[in-house]
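To keep things clear, I will list the structure first and then write my remarks on it.
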Amino acid sequence: MACLNKLSLVILSVLVLTASLASATQDPELKQCRHQCKHQRGFEEEQRQQCEQRCEEYIREKKHREREEEGYSRRSRESREEEEEKEESGERIEQNNPYLFEAEHFDTSVRTEEGRVHILKKFTERSKLLKGIENYRVGFLEANPHAFVAPVHFDADVIFFVASGRPTVTLLREEKRETFNLERGDVVHIPAGTPAYIVNRDEREKLFIVNLINPVYLPGEFESFHGPGGEDPESFYKAFSWKVLKAAFKRDRDEIERLFGQQKRGGITKASREQVEELSRHAEGGGGGGPIWPFKGETKGPFNLFRKHPVSSNRYGSLFEANTEDCKDLEDLNLMISFANITKGAMIAPNYNSKATKMSFVVDGEGWFEMACPHTPSEQGRQRGGGSAWQGEKSGKKFKRITGRLRRGMVFVVPAGHPVTAIASQNTNLQILCFEVNAKGNTRYPLAGRKNIVNNMDNVAKELAFGVPAREVERIFKSQNEEFFFPGPTQQEEGGHRAYM
Ligand SMILES: *[C@@H]1O[C@H](CO)[C@@H](O)[C@H](O)[C@H]1NC(C)=O
Ligand SMILES: [Cu+2]
């Protein structure tokens, strides 16, 4: 008892002490808290572990609180009630769904008054099923008008997609400096180790950049390295000894100390109008000003996804795509980037990727997705519309329906071969950016609509596969004439039960 009291006292003082140190970067609080647990005199191993556990719980709680306050993950009361209702009715659709991620699955890597960076945790922390994309991370940067993102390099290849705002990105490549004035829809590759800085030259619009990160050293893990700067973000120059710095710069310690002691405002700060103008003046132009699509092979540098003709478009939506044949950077990274703009109330054709695994980021809007997954054991059939022949009672193989509501800021993963569809809500377009890895030679197979796989089958094969005359197969598979975007399910068609939206 006495021992427990002592333990909680220590923890309390650790927390109070560290709470005052709370700052933006990769949770110094947690580090500090753990450190103190480790070096607490008279702690047994077990007590130490308990202490560390409490640290983690505290940080988790703190993060949760921060996000709640921010309203980033705020759900309307209504949708929560719906969810509960669904749970009661036994359909626990969003639970144990290892493919869907929301605010609580992101870590904060930078947060200042001018902006923030959040990175999704390593995929394999969530589920072994995501091992195939272990070496990729997804994140986003949000920053105010005229915000400046401090010079940094990563031990990772980074792909930026500009969802809003007008960033000027400068890359320091060997002896050359390359500056690009980017706009919505621009995609740029920052090769591993390349120092880069960004300013949002828009006066009114927030900058929102979605990024894909491909670490080059530790699988699935990467670090940011700030050199030019001071104390916050801390400069890596300061890790060297004074005698080394003095020799390297040929200046005395005082001067060096002064230079690296100034900047304390954090990784994202505010620039003045003049500074923004100066930074963007010598730009080479962004993807918008670049070569006209389609450009082949040798092209490097930014390009704009929306300047290319959509690969599919009708009144129900548009699909933009850049693949490994369009651009050298994408070829090198074996990556495809696509953007689906699904009109409100519409849906994307159920389809699957032959080789590529897709990490989808909801840039705007609401809706839901459904995916067939053979990897998790199917629960006893389905409550609704039960006893469907699709479920194939007799075969051992069962597909589980993976589904989840989608909102701005959420991520979902679609592994290769998995049939999937997404549906926009009745109120807003659903806009999804997809990073598709292992993209070389990928084919997208539609499962419904004009070009679906069944239409392409021999009549005899249709009869054998379905056990009915080919005509009857065609009645179903030739009825939908649209190609890739269709009118979505409506509430009436849902057959009496409540629609998700
Ligand atoms: C998505 O489509 C709507 C029209 O349905 C359009 O107003 C909007 O600009 C499109 N968004 C993008 C990013 O292309
Ligand atoms: Cu699966």
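Just follow the structure's listing: the first ligand is 1, and inside any ligand the first atom is 1.
Considering backbone and side-chain N/O of Thr343, none are found under 3.5 Å from N/O of ligand 1.
Distances from the Cu ion (ligand 2) to the N/O/S atoms of His375 are shortest for ND1.
Among all non-hydrogen protein atoms, the one lying nearest atom 3 (C) of ligand 1 is Asn429 ND2, 3.4 Å.
Summarising the geometry, atom CG belonging to Asn456 is positioned 9.0 Å from atom CD1 belonging to Ile453; distances are rounded to the nearest 0.5 Å.
Judged by the shortest distance from any of its heavy atoms, Arg184 lies inside the 4.0 Å radius around the atoms of ligand 1.
Proximity to Gln431 (heavy-atom distance under 4.0 Å) selects the following atoms of ligand 1: 1 (C), 11 (N), 12 (C), 13 (C). Against a heavy-atom cut-off of under 4.0 Å, Phe339 is close to the following atoms of ligand 1: 13 (C).
By the 6.0 Å and 45° rule, Arg126 stacks over the aromatic ring of Phe101. At least one test fails for Arg408 against the ring of Phe361: distance under 6.0 Å to the centre or angle within 45° of the axis.
The heavy atom nearest to atom 8 (C) of ligand 1, considering only Asn341, Ile342, Leu305, is found in Asn341.
A ring-centre distance under 6.0 Å is found for His118 and Phe140. In this structure, Phe412 has its ring center under 6.0 Å from that of Phe369.
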Evaluation steps, ring-ring contact (aromatic ring centres under 6.0 Å, His included), between Phe123 and Tyr136: CA-CA 8 Å; Phe123 286 115; Tyr136 293 93; 8.4 Å; no
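The presence of a protein heavy atom under 4.0 Å from atom 11 (N) of ligand 1 is confirmed.
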